[in-house]
Structures are given as C-alpha cells and as structure tokens.
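What you see below is based on every heavy atom in this structure, not just the backbone, and it leaves out hydrogens, waters and symmetry mates. Throughout, protein chains are lettered first and strands after them, A, B, ... in sequence-line order, and every chain is numbered starting at 1.
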Amino acid sequence: MDWQGQKLAEQIMQIMLLVSAVISFVAGYVLGSFQMMMIIYAGGVTLTALITVPNWPFFNRHPLNWLDPIEAEKHPKPQVAGSSKKKGSKK
Amino acid sequence: MHSFGYRLNGLLTFAVTILALMCAITSLSDNFNTPSPSAEIKIININWFQKQPQGHDEVSLMMNVSADLQSLFTWNTKQVFIFVAAEYGTPKNSLNQVSLWDAIIPAKENAKFWIHTSNKYRFVDQGNNLRGKKFNLTMHWHVMPKTGKMFADKIVLTGYSLPEEYR
C-alpha cells in the first residue's frame, strides 16, 4: 500500500465501522432484538475487514517512485568526511 | 497504516471500542421504559403453626401468587428474578424480612402467571412473636439486563395476619 492508500484504508475503516454500529443499533432497537444487533454488527465488522485490511490494488494508485538501482550507482552516496573505513560501492 | 497486521489490529480495537459504546447506549435505552406491573397474593391456608424445639415460631402456608410483569421486559432484558417476602416488626427487630418464594422469569411470555404454592423457604421467626402478627407481603423483582444496569423494585401488599394460637 502507498501512503495515500493507507490514509484511504484508515478512513474507510473508521466510517464503515461507525455506520455498521448505527445501522445495527437502530435495527436491533426497532426489531426489539439484541441478537439481531450483534449479528448485523459482526457482519459489518467482517465486511470492513475484507475491504480495508488486505492489500487491494486500489490502495496502490499513487505508487512511490523508488530510484532505479542502475541510477543509484551513477550517483554514489557522499562519504562522511574523516571516515577511514572505506567500503566498496553498495550493490 | 503500514502493514496487514497493523491494520487488522487497528480495526479490531476500534470495533471493540465501538461495541462497548453500543452496549452503554443499549443500557441507557432501558431508562425509557416505564413499567406498570401488578401482583396479587392470597393466603389460602395455614398448614401448620408451631413453636420449634429451639424455641422459634414457624409457620407453613399455602398461597396463590398471581402477577403481570410483562411491562418490565425490554429488548435488553435477559431475565427477571422475583421473590415474595413477608415483612413485620418485633420488639427485638424493627423490621424482619423473610423470603418465602422466588422464581426466575426467562421471557416476556412467562411474565403473566398464576401459581398455587406452599412457601418454598421456611417462615421462621427469631423468637416467639408470630402469634396474631400482622404482616405485609412484598413482591420484589430484579430486572437483569443482557448488558448494563440492573433495575430492582417492589410492590407492597398489606393486610395479612397470622392466627392467635398455634395449630
């Protein structure tokens, strides 16, 4: 997931859980059934988990452009002044 | 949220927190219920009325208990516990409360009932004060919720008295 995707996932999760809670409470109150409230809420939580937890492709629409390794070699990392240890270029 | 496990943990924590909130609101909704229960107890017969070897008075009686407690039930009610207690005063104790009979009502349908029973628990006095004693019978109930606050109340029925002599 990219950064935008993470933010989207968190927002979707919070809104869906709150909406599930409201729908299940109203349904339970109107039907007079505590059990129905619990069942509907559990269904809502499961649905939210299926949508927000796995790494779906639509969470990755703003991918980060990591620098290509070939490019990275052409621009070596600057060495710290005074360092006696000299390692070979990292691959 | 960075990884699968991180998101799953966040989701479950939030879901459980919201569940706690829902239970609190459910319990609060019980306050909107205005119950109108009714009860009637008739003493049919005094089976026996003795002074026990230890010196305490004991009486056994037959009663008809009828009640309509359906209005106590809400969507958040698990069961209603009721008991009938005899209340009277003596020189030694200003108030004695002796539980005579109790029952658990599991559902609204069972809340309107009539029962002919002897006292389930022994009606024993601390002393010899029961001859000719006037007493009240109170019907107590505890409405036990599925989640949240338990409500308890009672109805007091007056005008009962025991015989003047042992029999």
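At a 4.5 Å heavy-atom cutoff, the contact between Ser33(A) and chain B is made by backbone atoms alone. Interface residue Thr26(B): backbone and side-chain heavy atoms are both found under 4.5 Å from chain A. Within the 4.5 angstrom heavy-atom criterion, no atom of Leu31(A) approaches chain B. With a 4.5 Å cut-off on non-hydrogen atoms, Gln14(A) touches chain B through its backbone and its side chain both. Within the 4.5 angstrom heavy-atom criterion, only side-chain atoms of Tyr41(A), from C-beta onward, approach chain B. Residue contact with chain B, scored on non-hydrogen atoms closer than 4.5 Å, is absent for Ser20(A). For Ile25(B), the parts lying near chain A are the backbone and the side chain together; criterion is any non-hydrogen pair under 4.5 Å. For Met38(A), the part sitting under 4.5 Å from any heavy atom of chain B is the side chain, from C-beta outward, and nothing else.
Under the 4.5 Å side-chain heavy-atom criterion for ILVMFWY residues, no single connected hydrophobic cluster contains both Phe151(B) and Ile104(B).
The side-chain heavy atoms of Glu40(B) and Leu157(B), taken from C-beta on, include no pair separated by under 4.5 Å. Residues Thr90(B) and Leu130(B) fail the side-chain proximity criterion, which asks for heavy atoms closer than 4.5 Å. Looking only at side-chain heavy atoms (C-beta outward), Asn128(B) and Lys51(B) come within less than 4.5 Å of each other.
Not less than 6.0 angstrom separates the ring centroid of Trp141(B) from the ring centroid of Phe73(B).
The number of heavy atoms from other shown groups lying within 6.0 Å of CH2 (Trp48(B)) is above 12.
Each of Thr74(B), Thr147(B), Leu19(B) has some count of heavy-atom pairs under 4.5 Å with chain A, and the biggest count is that of Leu19(B).
Below 30°, between 30° and 60°, or above 60°: for His2(B) and Trp3(A) the angle between ring planes is above 60°, a perpendicular geometry.
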